[in-house]
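We number each residue from 1, following the sequence as shown. Computation of the quantities below employed the complete heavy-atom set of this structure, encompassing side-chain atoms and omitting hydrogens, waters and symmetry-equivalent molecules.
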Amino acid sequence: MAQPRISAYLPPDIDPTKAALAFGRRALPKLNEELQSPELLTQQRALVALCDLVHDPEKVYEAIALGFLDSLKALLVHEDRTVRQKTTEVLSVMALHSIGREGLIRRGVISALAGLLDDPVDICRKNTHQVFDMLARLPEGAGGVLQAGLIPPLVLKLETELDEIQELILGTLSNCLRVEVSEALAAGAVPVLKEKLSHPYSAIRSKAAWVLLEIRPVSAGGSSRRRHRRRHPSVPGGRTVPPGGTGAVAVLVAPGCGSRRAQRPRGCRGSRHSSGAHSLYPSSLRSSHAEGKMAVFEEEVIPALLSLLEDAQPAVQVNSAGALMFALVTPQGRSSAMGAAAIPPLLTLVAEETSKARLNAIKALTLLAELPEGRQTLLEHRDTFQRCLDDPSEAVQRAAEIAITVIDWKPFCSRDLF
């Protein structure tokens, strides 16, 4: 005859690590009360339950309206490591939602999280940097990171943090530098980023090159704000090239035009000793941060970027070619690149039809074509650019057209009129 037995196991639908949820609308208010409970176990169970709920954006909206963020900010300084871990985990999940990011920025969570940069628990620091990375993708979030004074400590953390956290820091810096670059330069970001270009982890190499690319914000009164267009018959099909657009130049001017105004487009300033290629590149490049460009040159970052053009990872090639393109804006950058034999690796990327870095490489070579020795070398590879005209990407076609125009350019002489 069967005998009844009392099982020692808990029912399958009951999790002892989670707080029991109240029914209906009472669920979140009850959890908020438990977060403020003096009992440690009650707080821990409430946090575990909240981690599951905030995956739903509707719950995130309701939690923000009920004042959960104030309770969570108070728990960030809790002495228990589990409470801090779960609190940062809740915030990182909330930051995945648009409504969550807006709420975290409005309630000053960025400043509250700043105290966890030196937390002894690795997962707490990782969750913290995940929140920073997500919030910095919004202009308001990047501004919040800057206002909290986090740029200098983030640059310092690149030298000591774990690899996966360094990747998150680089993502945060890349977004913040679009807003303001002076603090990063003052904190010595360029030499630190140069060191990361040789990191064994490909994601860190790629993001370090991307951050270097971002050290070129446009000044408020820069000429890149102009939205005028010019049309010239030297552009095949009579197409217009917008300043600062997807092409490699702001305003395309025909080689050899007699007027001085035509030789130098508005928004571009050429040197008296310029080779005469009319400064055919974006006015946004001309308006980029002077200190950042000089720091890249002084720290000898250009040779390091050139070595990454042969990297096995396409993302590393793309970002390094983009950073190199902006570094070549200055005469010092172009001279340094020519001295480091930049043309052969860039031509290799241009010749590869499947290369994702093809566009950036073409633009970089267009800048090098301003130097007489660069133009002389590229004249021998004109067919390489000619083949790019058949590229399926319209941006690549336009960049190739501009590159060919610059390479074929000849100095204007009044004797040619007679």
Side-chain angles (χ1 to χ4, degrees), residues 51 54-55 60 64 68-70 72-78 81 83-189 192-193 196 199 201 203-204 206-208 210-215 217:
C51 282
V54 291
H55 283 88
V60 173
I64 294 175
F68 267 74
L69 292 181
D70 294 332
L72 293 173
K73 285 166 60 177
L75 294 177
L76 290 175
V77 295
H78 201 284
R81 57 185 298 170
V83 172
R84 297 198 307 274
Q85 172 186 341
K86 286 299 178 182
T87 302
T88 55
E89 183 178 344
V90 170
L91 293 175
S92 65
V93 175
M94 294 178 72
L96 296 176
H97 307 289
S98 175
I99 186 65
R101 290 190 291 270
E102 295 175 0
L104 294 178
I105 294 171
R106 288 198 305 267
R107 298 301 178 92
V109 174
I110 294 176
S111 300
L113 285 170
L116 296 181
L117 291 178
D118 297 319
D119 196 280
V121 183
D122 294 343
I123 188 63
C124 289
R125 299 198 308 275
K126 180 181 178 181
N127 291 336
T128 298
H129 286 289
Q130 283 179 337
V131 176
F132 289 156
D133 184 28
M134 293 300 301
L135 297 185
R137 299 181 185 185
L138 297 177
E140 299 84 358
V145 173
L146 289 166
Q147 291 176 3
L150 293 178
I151 299 300
L154 288 178
V155 173
L156 294 176
K157 287 295 180 181
L158 283 175
E159 299 179 324
T160 58
E161 273 293 3
L162 303 175
D163 289 350
E164 54 184 338
I165 297 181
Q166 289 183 33
E167 185 178 354
L168 295 171
I169 294 175
L170 289 170
T172 303
L173 289 176
S174 66
N175 291 307
C176 291
L177 292 185
R178 297 176 186 176
V179 179
E180 175 60 44
V181 72
S182 300
E183 289 189 29
L185 292 176
V192 175
L193 293 172
K196 297 304 173 184
H199 197 278
Y201 189 27
I204 291 181
S206 175
K207 289 198 172 183
W210 182 258
V211 177
L212 285 170
L213 189 152
E214 294 296 342
I215 303 182

Which pairs pass salt bridge (Lys or Arg N to Asp or Glu O under 4.0 Å) with one or both residues in residues 96-115, sequence neighbours excluded?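 Residue pairs passing salt bridge (Lys or Arg N to Asp or Glu O under 4.0 Å), neighbours aside: none found.
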
Which residue pairs pass the salt bridge (Lys or Arg N to Asp or Glu O under 4.0 Å) test with at least one member in residues 108-127, sequence neighbours excluded?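 Listed by first then second residue: Arg84-Asp119, Asp118-Lys157, Asp122-Arg125, Arg125-Glu161, Lys126-Glu164.
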
Please identify each residue that fulfils salt bridge (Lys or Arg N to Asp or Glu O under 4.0 Å) with Glu183, with sequence neighbours left out.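 By the salt bridge (Lys or Arg N to Asp or Glu O under 4.0 Å) rule, Glu183 matches no residue at all.
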
Sequence-distant partners of [X], side chain to side chain contact (heavy atoms under 4.5 Å, CB included), two or more places apart:
X      : value
Val192 : Val155, Leu158, Glu159
Ala148 : Ile110, Ser111, Leu150
His199 : Asp163, Gln166, Lys196, Tyr201, Ile204, Arg205
Gln147 : none

For [X], side chain to side chain donor-acceptor pair (under 3.5 Å) partners two or more places apart:
X      : value
Lys86  : Glu89
Ser206 : Asn319
Thr88  : Asn127
His55  : none

Between the side chain of His97 and the main-chain N/O of Val54, is any donor-acceptor distance below 3.5 Å?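 Such a contact is found between His97 side chain and Val54 backbone.
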
Taking Glu180 for its side chain and Ser182 for its backbone only, find out whether a donor-acceptor pair lies under 3.5 Å.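 A pair under 3.5 Å: yes.
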
Can you give me every donor-acceptor pair (side chain of residues 130-138, partner residue at least two apart or in another chain, under 3.5 Å) with its distance?
{"residue": "Asp133", "atom": "OD2", "partner": "Arg137", "partner atom": "NH2", "Å": "3.4"}

Taking all heavy atoms of Leu146 and all of Cys176, pick out the closest pair and write down the distance.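 That closest heavy-atom pairing would be CD1-O, 4.1 Å.
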
Side-chain heavy atoms of Val179 within contact of Pro139, under 4.5 Å: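 In short, these two side chains do not touch, never coming nearer than 4.5 Å.
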
